[in-house]
Each structure stands twice: as C-alpha cells, then as structure tokens.
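Read through the structure below, which is laid out as structure tokens, and then see the notes.
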Amino acid sequence: MKEKYPYAEIETRWQSYWADERLFEIDESDTSDKSYCLMMFPYPSAALHVGHGRNYIIGDVVARYKMMRGMRVLTPMGWDAFGLPAENAAISTGTHPRVSTLANIERMKEQLTSWGVCYDWPREVASCMPDYYRWTQWLFLKLYERELAYRATAPVNWCPSCATVLANEQVVDGACERCEAPVEEKELEQWFFKITAYAQRLLDDLDKLQGWPAKVRTMQANWIGRSVGTLVEFALVPRADGRPDDDDDVPCYTTRVDTIFGCTYMTVAPEYPGLAQLVEGLPEQDAVSAFVAKARRVSRADRITDAVEKEGVFTGRQVINPYTGNPVPLWVGNYVLMEYGTGAVMAVPAHDTRDWEFAHAYDLPIRLSIQNESQDLDLDRMDAAYVEAGTTTNSGPFTGLASREAIAKMTEHALAKGFGKAMEHYRLRDWLISRQRYWGAPIPIVYCDSCGTVPVPEDQLPVLLPEEVAFKPTGESPLAACDDFMQVKCPTCGAPARRESDTMDTFVDSSWYFLRYLSPNDESRAFDPEVANNWMPVDQYIGGVEHAILHLLYSRFFTKALHDMDLVAFDEPFEHLFTQGMIQKRNEDDGQLYKMSKSKGNVVSPDELIRDYGADTVRLYTLFIGPPEKDAEWTDQGIEGPSRFLRRVWRRAYQQRERLIAARSETVDVDSMSPAARDLHRKVHETIQLVTRDMEGDFHFNSAVAHLMDLMNAIDGCGVDGDAPSPTDAVYREAFETLVILLSPFTPHICEELWEQLGNAPSVLAADWPAVNEAALARDTVEIVVQVNGKLRARLEVRADLDQEALEASVRAMPEVAKHTAGKDIRRVVIVPNKLANVVAG
RNA sequence: GCCUGGGUGGUGGAAUGGCAGACACACGAGACUUAAAAUCUCGAGGGAGAAAUCCCGUGGGGGUUCGAAUCCCUCCCCAGGCACCA
C-alpha cells in the first residue's frame with residue numbers, strides 16, 4: 001500500500017474491474033428485486049462539464065446504493081443523438097452530423113467512465129442510428145393508424161434563425177428556446193401529434209405521480225391549463241340591408257356565466273374567421289379592416305404583453321344576449337386571442353379587469369351583475385372591476401344566487417334552451433412534430449397523386465436518411481432537394497410519388513428510449529412487451545428540471561398511447577422523479593451566477609480536475625456542494641475540503657493498516673468496552689442511521705457526506721494512535737470499515753481499494769449496507785439542556801431515563817435556575833425526556 | 001397579477017417545534033520545516049466585559065406556544081413556472 005493516495009492508479013484499476021466483472025450488466029429475464037434507475041440521456045453536443053456531471057454522479061450513487069441493498073439495478077445509458085447543433089455545425093464546418101455526433105459520443109463515454117459512473121453499456125442506444133429510428137418511425141405509424149398523428153394547416157411558430165418550425169413548448173417568451181431569436185407566425189401544413197386527446201388523462205394522472213416533485217406536477221397542470229366554463233351563443237341581429245350571414249350567431253366561451261346579465265358588448269379577435277363577411281358592405285367595413293391589418297402587424301410576442309394598449313373598433317353589428325334578449329354591440333379588439341376559446345368574448349366591464357379598461361376607453365356602458373358579501377358595490381364609487389365571486393344581482397330570474405350556484409343553473413338553462421352548454425377548455429395545444437431539417441428521423445409518409453397520403457408499410461422501415469445532402473438552411477428540409485430520397489414509388493399503387501421531406505422533432509426520439517433499453521438488440525420489434533411490463537415503470541428517473549414540461553409530458557403521452565394500443569400494461573412511465581439543480585459559476589466581471597455555457601466562458605471541465613485531484617474527489621465535491629435539488633455555485637477552492645478528507649482517509653488506512661487487519665478476528669463487545677470505545681461504537685451506528693436516512697429520503701447526499709466526515713473526525717479523536725495495540729481496536733476497525741462501506745457509493749474507487757486492503761474480497765458493492773444496532777445507540781447518562789422561560793441557562797448530566805420527578809427536583813435545585821428565577825414563582829417545569837427541562841417562572 | 005420554491009456567520013450549507021450555525025471553504029494564531037508544500041493543534045455570529053457572565057441574533061412586523069429558523073397572519077426581497085386564458 002502506498003503512503004500517498006495514488007488516485008490515478010486506483011481509479012484506472014477499479015474502472016477496469018467493474019467493466020471486466022460486468023457488475024452493472026444485468027439479465028432482464030430475472031425481475032426479482034428489480035429497480036430501473038434511469039438518467040435522462042444526453043444530447044452528445046461536445047465535452048461534458050462538471051454541471052452535467054451532477055446528474056450522472058447522483059444517478060450512480062443511487063444505483064450503487066440500491067445494489068448494496070440487494071436490488072437488481074438496471075442503469076442503462078444512451079444518446080439523444082439527433083438535433084440541430086450537429087446540423088448547424090455541418091453548415092459551418094462541413095463535417096457530417098453523423099461523424100461529429102459519433103465522435104462526441106465516444107468522447108462523452110470516456111468522460112463518464114473517468115468519473116467512475118457505471119452503466120449497463122451493452123444496452124447503449126443512439127437515437128440517430130437506423131436500428132433505433134426505424135422504431136421511432138414505426139411508433140409514428142402506430143399513432144397515425146389511431147389518428148393520433150395528422151397533417152394540418154395551422155399558424156405555427158417559425159424560428160427564422162433555426163429555419164424550422166417549433167412546438168409551442170419550445171417557444172419561451174415569444175422566442176426560440178434554443179437560439180432566442182424572435183419567433184414568427186407562419187401558416188404552414190405540418191404534422192401534429194394529437195396530445196390534446198389525452199389532456200384530461202395527463203392532468204388526472206398527475207395525482208398518481210406522488211413520487212414526483214410537487215413543483216413539476218404543478219408546472220404540468222398549469223401547462224395543460226384546464227378551465228371549466230360555458231359556451232354561449234349570441235344570435236346576430238340581422239343586417240339592415242337584408243344580406244344573409246354565413247353564421248347566424250357568435251359563440252363565446254366564459255368561465256363566469258354568472259356575470260352575463262352585466263354583459264354590455266361583445267368583442268372578437270382581429271383574426272376572427274367570419275369577421276370580414278360580417279362587416280362586408282357596412283359603413284364600418286373600412287375602419288374594421290384597417291384595425292385588423294394594424295393589429296395583425298404587431299407580433300404575437302408583443303401582443304401577449306400587458307404593455308400593449310387595449311384598442312378596438314365597433315363592427316356596426318349587434319348580437320343578442322340570450323339571457324336578457326337585449327342586443328349588445330359587437331366590437332373587434334386587439335386583446336382577444338383567437339387561439340383561446342372561440343376567439344370571441346362576452347364583455348362584462350363591471351366584473352372583468354380588461355373589459356373595465358376597454359369600456360372606459362371607449363365609453364361603453366357598465367352594468368353591475370354581482371354583489372359582494374357586504375352588498376356595498378356601487379358603480380359610481382368603484383374604481384376597478386369587482387372580479388371575485390359573489391351573489392348575482394340585476395340578473396332577472398337568476399338574481400340572488402351565489403356565483404357557483406348561478407353558474408350551474410345558468411349553464412343548465414342554456415342547455416335547455418339550446419343556446420349553450422357546459423364546456424371544458426385546455427390551454428394545451430397539439431404537438432407539432434415536423435421539422436424542416438435533415439438531422440432527425442424522416443417522417444415515414446409518401447404522397448401519391450392518386451392514393452394521397454400513404455404511410456410507409458412497416459416492412460419497408462426504416463426510411464433511411466440519405467448520406468449526401470446540401471446542408472443549407474433554406475426554410476425547407478435539405479431532404480427536399482435530394483432527388484434520390486424524394487422520388488419513390490407509391491407503396492399502394494406503384495406510381496411515382498414523393499416522400500415527406502420533414503423530419504421529426506427530437507423529442508419524439510426521447511419519448512420512448514426508456515423502452516428500447518429493455519430490448520436494445522431486438523430486430524423484430526421496438527421493444528418486448530413482456531420485458532417492458534416487468535421492468536417498467538422506471539423506478540427512479542433523474543434529470544434536470546428544464547424538462548419538467550416538454551420531455552416528461554411527451555413521454556407520458558407516448559406511454560398512455562401505447563397503453564391504449566395494448567402494447568404495454570402500464571400507463572405512466574416514471575414512478576419516482578428527481579430533478580437536480582443546476583451547477584452555476586460566478587462571473588468575475590459582474591459577480592452574477594450563470595449556468596455553465598461555452599458562450600459565457602464559465603465552463604469547468606472535469607478532465608483537469610480528475611487529473612489533479614482524482615475522480616472520487618470531484619464526485620465528492622459535486623455531492624457535497626449543496627442539496628442536490630437546488631442550484632449550486634461551483635467554486636474552485638471548494639474542492640479542497642473533499643480532497644483533504646479523502647487524503648486523510650487514505651493516510652489513516654495506510655498508517656493503521658496493521659492494526660485494522662489484526663483486529664479482523666476481534667469481535668465488538670459492548671459490555672467490556674472502554675468509554676472511548678463505547679462512544680466511537682455509538683457514533684458508528686448514529687452515522688449509519690443518519691446516512692441511511694439521507695439515502696432513502698430526499699437524496700440529501702451533502703448531509704450524508706458531512707456525517708461521514710464527522711465519523712472520520714470521531715475515528716481520529718478516539719485516542720487510538722501510533723502502533724501499540726489498544727482495547728479499542730475492534731471498534732476502531734468496525735468504525736473504519738463502516739466508513740468505507742457507507743462512503744463507497746459516493747467515492748467508489750478509493751473505497752473498493754481500501755475494502756480490499758482491509759482484507760476483504762472485492763467488490764465492496766457486494767458488501768451489505770450496514771444495519772443500525774439499537775443497543776449501540778444507548779447511553780448511560782444524558783445531558784439535559786436546562787432552560788428558564790425558554791432561555792438556555794445550564795446543562796445537567798443525569799442518568800438516562802431518569803424519571804421526571806427526580807429530574808425536575810434536580811433541575812429545581814440548580815443554582816443557575818435559582819439565579820434566574822429569583823423573585824419569581826416557578827409555575828411548572830416542562831420535561832422533554834433525555835433532552836430538555838424548561839422551568840416556567842413568572 | 002396568479003402558482004411554486006426560497007431568504008440562516010465572510011462563503012457553501014446543517015438543524016422541520018426543544019442547545020442556531022453541524023460538516024466544510026476562506027481567514028487568523030501556533031506546531032513541524034533551513035524554507036515552502038503537506039500535515040497537526042487552537043480560534044472565530046454580533047455587542048458589552050479583565051473574567052465569570054449577560055444582552056442581541058435565522059429578510060421586516062405581528063401572533064400561537066412553556067419553548068419558533070421551523071407553525072399561523074402580514075409585508076419586503078430573490079429564483080422558477082404560468083399569464084390580456086375570458
């Protein structure tokens with residue numbers, strides 16, 4: 001054994017050992033004590049930094065811990081390998097995306113190995129390989145069969161910089177989430193997945209996901225955005241000139257039908273489909289078209305902000321409030337969104353902030369239809385809309401009802417009279433999956449002049465990406481310019497036909513990869529349903545919170561769709577989810593924290609750190625940096641603590657190796673122990689208890705590591721020193737060996753080495769996680785904290801489990817107590833057994 | 001505006017109704033050394049005091065309790081999510 005901690009040598013040795021012994025490879029046919037432990041697979045962009053490392057290190061700790069608890073742990077790894085960056089790189093450097101992606105994968109794999117994180121590598125998948133995307137295409141066809149994949153023309157989000165369309169989920173504050181360019185609206189024919197068909201189930205089943213952070217469930221619920229309301233049709237007052245209308249009513253959606261007797265006008269969105277026809281030939285026509293033109297010039301991103309002043313014009317038309325029978329004017333307003341509800345809103349200025357504002361701007365009438373509890377609402381004295389629930393007033397036959405009740409009764413009335421009904425509304429839109437780019441899975445569809453849209457037959461999959469294309473961002477997929485790819489015979493009639501040139505959003509690839517890991521080499525199907533049903537759902541999923549909506553919602557949708565196709569028995573993919581926080585680095589110029597990125601120039605590479613400190617030290621610091629669910633600041637000095645700690649553990653093993661080995665045969669005997677040995681023995685078991693709690697609970701590894709440092713301090717402080725044998729030796733060995741076992745999930749290389757050096761057969765992974773010995777925790781005497789009126793005044797050492805009367809008597813007799821209760825009556829003494837006594841005096 | 005989290009020494013953090021600041025970093029003093037590194041020992045929330053000891057202290061204010069960083073109310077600030085959503 002070397003005196004100086006030889007981390008580089010040890011790390012290479014044990015990394016080879018784990019791989020050679022195939023300790024992380026499992027046979028999926030044995031499902032006893034199964035645990036599927038999954039890390040979100042990375043996009044192989046370039047080298048990993050220490051921020052990425054947190055995810056893999058946490059996952060590795062969980063996997064190793066579960067293995068030590070006797071579980072059969074499946075920990076696969078793979079690559080989310082399609083995507084824009086590789087294609088953008090191809091445009092600027094000319095390197096083919098396949099070449100750069102495969103090179104990045106090799107590089108990242110080496111880095112993962114050098115961190116000591118282990119996976120079941122034979123299950124590795126890469127979504128850009130034909131044997132993977134073949135099944136992505138197959139899943140597309142399955143969705144198409146069930147009409148969950150469809151093609152439609154719709155206004156879509158277009159990123160001019162990425163030259164492709166984006167899903168709603170990929171638009172953040174009106175900009176592309178990837179490149180931050182402002183998103184434009186385009187009317188295009190695109191492929192969609194009908195995720196809205198699952199909106200209600202995706203919402204309801206969030207309740208099943210008790211193993212997920214509440215925050216993520218809330219975010220998904222907000223995203224789905226269910227609201228319950230009433231659809232009400234307002235009949236159009238026929239035109240004075242006698243011209244017929246295409247539709248004879250304007251439907252609107254409201255969540256507050258209880259306020260409808262206060263409706264004094266109606267407003268439609270500038271994009272309202274029938275608007276042009278409604279005003280055709282009227283004196284207002286020119287004003288309306290000018291307004292619409294102006295409103296539509298404002299970008300969607302700008303229109304969504306409150307900053308835009310509410311504007312509108314009168315259309316010249318009237319509609320009839322079906323509850324009152326009275327006509328109200330129809331306006332067009334820039335604050336009405338076409339994509340929500342019907343694109344028309346009933347306006348109740350007295351009870352809606354926006355309508356209040358608009359009515360004041362255009363001098364429209366305001367009518368009170370809800371009273372508050374104290375009945376003191378008076379339009380003359382109101383300076384804002386009253387938007388809370390209340391009691392209906394001025395509401396004809398519905399007057400005097402509580403809002404809730406009024407909504408129920410009035411909706412019922414609408415249904416009975418045939419002018420409306422209850423309606424749910426979701427904010428969630430269908431998932432736009434077409435991308436006008438090369439580096440993705442081709443959509444397996446052929447267009448034939450006589451047969452129309454024809455899905456590629458399953459036995460003709462995969463639709464391979466052509467190798468040679470021109471990577472030019474033209475706004476159309478590079479595939480469209482590739483004749484060899486595009487020209488195809490119609491699978492149905494054999495006539496010349498054209499392929500779909502768009503590829504799929506990469507989130508499609510990542511919506512099912514957890515199934516492919518289970519049958520990675522199956523050439524006959526995407527996955528084996530039996531194996532999937534045995535191993536799914538994933539027991540523990542670990543990844544970044546930035547995927548809270550996109551990836552996690554899409555994967556849930558896929559799983560439910562597969563469930564409905566009877567392809568799998570489960571309907572949620574991930575049982576427990578852990579979302580780790582980002583590692584950030586402070587910018588020296590502005591003192592702000594930023595997430596690590598090449599553009600910010602604050603990337604910390606693990607390579608040099610592993611070279612200078614060793615992988616175990618880097619792992620330990622990454623875990624010790626803070627609670628893993630929170631963001632943390634990486635500092636270069638911070639690594640010194642974990643570094644010193646591991647060097648000290650090594651040094652102590654080196655210095656005390658003979659003692660530790662000699663004590664192998666000795667048994668720990670509580671009865672004959674010295675007080676110092678007894679204290680160390682207790683500390684060992686307290687540490688087991690604390691560390692186990694951190695492992696089982698919220699993964700508070702920072703606290704587990706602190707407890708292990710504390711145990712090491714106790715080992716060094718127990719009085720065993722030098723070479724002379726000591727009666728404490730048996731406990732000393734117990735303490736050191738326990739430290740090695742408990743530490744091994746965090747710093748596996750050094751622990752494997754020490755475990756062997758202490759005379760045990762490898763691997764430490766096969767060692768049992770230690771159990772707490774309750775007897776070891778017992779104490780003969782305990783220190784009682786003595787308070788007077790809640791303030792700490794003294795401490796008292798007493799026999800453990802001393803009865804309350806005796807303790808109270810001792811406390812009352814203390815001079816410190818007497819001093820602080822002088823001149824006061826002692827009213828009572830609160831006793832917390834073995835902990836505290838509080839003397840209440842006054 | 002609404003919904004989540006969060007605010008504790010110079011710093012990262014610990015304590016989820018019972019000793020605030022565990023464990024570390026940085027810092028200071030000392031030991032070892034020709035010197036440095038490494039290592040070891042000691043110190044340290046703020047204030048008063050020679051000391052014993054006392055007072056103050058977990059974003060501000062109020063409350064519940066024998067006792068509050070922890071529970072409740074309210075306000076301020078920070079981060080994330082949603083947002084003219086009818």
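Side chains included, hydrogens not; waters and symmetry mates left out as well; all remaining heavy atoms used.
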Among residues at least two apart in sequence or on other chains, which ones pass side chain to side chain donor-acceptor pair (under 3.5 Å) with [X]?
X	answer
A/R693	none
A/T411	A/T230
A/S403	A/D258
A/R556	A/Q220, A/E572

Distance in angstrom units between [X] [atom1] and [N] [atom2], rounded:
X	N	atom1	atom2	result
A/F645	B/C25	CZ	P	12 Å
A/R217	B/C82	CZ	C1'	18 Å
A/L428	B/G81	CG	C1'	16 Å
A/L708	B/A24	CG	P	11 Å
A/E271	B/C84	CD	C1'	13 Å
A/M582	B/A79	CE	C1'	10 Å
A/N702	B/A22	CG	C1'	12 Å
A/L742	B/C23	CG	P	18 Å

Taking the same atom, [atom1], in [N] and in [M], what whole-Å distance lies between them?
N	M	atom1	answer
B/U58	B/G21	P	14 Å
B/U70	B/U64	C1'	13 Å
B/G6	B/C55	C1'	31 Å
B/G59	B/A79	C1'	15 Å
B/C56	B/G67	P	15 Å
B/U11	B/A26	P	15 Å
B/G10	B/G5	P	29 Å
B/G18	B/A69	C1'	13 Å

Applying salt bridge (Lys or Arg N to Asp or Glu O under 4.0 Å), can you list everything that pairs with [X], at least two apart in sequence or on another chain?
X	answer
A/E629	none
A/E797	none
A/E640	none

Has [X] got a side-chain N or O lying under 4.0 Å from the OP1 or OP2 atom of [N]?
X	N	answer
A/Y340	B/A86	yes
A/N713	B/A24	yes
A/K791	B/C56	yes
A/R651	B/A38	no
A/R644	B/A38	no

Picking from [options], which would you name as closest to the side chain of [X]?
X	options	value
A/L337	B/G13, B/A86, B/A24	B/A86
A/D710	B/A86, B/C84, B/A22	B/A22
A/V785	B/C19, B/G18, B/A86	B/C19
A/K835	B/U39, B/G18, B/C23	B/G18
A/P627	B/A38, B/A14, B/A86	B/A14

N/O donor-acceptor pair under 3.5 Å between A/T692 side chain and A/Q689 backbone: no
Under 3.5 Å donor-acceptor, A/D825 side chain and A/G842 backbone: no
Sugar-phosphate only, base, or nothing, as touched by A/R827 at under 4.0 Å among non-hydrogen atoms: nothing
Pair listing, ring-ring contact (aromatic ring centres under 6.0 Å, His included) test, anchored in residues 682-708 of chain A, at least two apart: A/F578-A/F699, A/H681-A/H685, A/F699-A/F701, A/F701-A/F746
Of residues 629-643 of chain A, the positions that come close to RNA chain B - non-hydrogen atoms, cut-off under 4.0 Å: A/Q637, A/E640, A/G641
Torsion-based syn/anti label for B/G80, 90° from 0 as limit: anti
Between protein and nucleic acid, restricted to nucleotides 49-54 of chain B and to nitrogen or oxygen atoms under 3.5 Å apart, what atom pairs and distances do you find?
from: B/C54; atom 1: OP1; to: A/H820; atom 2: NE2; distance (Å): 3.0

Stepwise salt bridge (Lys or Arg N to Asp or Glu O under 4.0 Å) test for A/E816 and A/R793: CA-CA 7 Å; A/E816 293 92 338; A/R793 296 300 180 185; over 6 Å; no
Per-nucleotide protein contact string for nucleotides 64-70 of chain B, where B marks a base within reach and S marks sugar-phosphate only (heavy atoms under 4.0 Å, - for neither): --BS---
Contact nearer the 5' end of RNA chain B, comparing A/T218 with A/N222: A/T218
Pairwise 5' ranking along RNA chain B for A/G341 and A/D716, keeping only the more 5' one: A/D716
Consecutive Watson-Crick or G-U pairs in runs of at least 3, all under 3.5 Å, in which RNA chain B is involved: B:1-7 with B:76-82, B:10-12 with B:23-25, B:27-31 with B:39-43, B:45-48 with B:53-56, B:59-63 with B:71-75
pair A/L275-A/T315: side-chain heavy atoms closer than 4.5 Å: yes
Interatomic spacing from CH2 in A/W634 to CD1 in A/I583 - rounded to 0.5 Å: 6.0 Å
Residues, nucleotides or ligands: over 12 heavy atoms within 6.0 Å of A/R651 CZ: yes
Parallel, tilted or perpendicular: rings of A/Y323 and A/F419 (30°, 60°): perpendicular
Centroid-centroid under 6.0 Å between A/Y362 and A/W331 rings: yes
Between A/F358 and A/Y335, ring centroids under 6.0 Å: yes
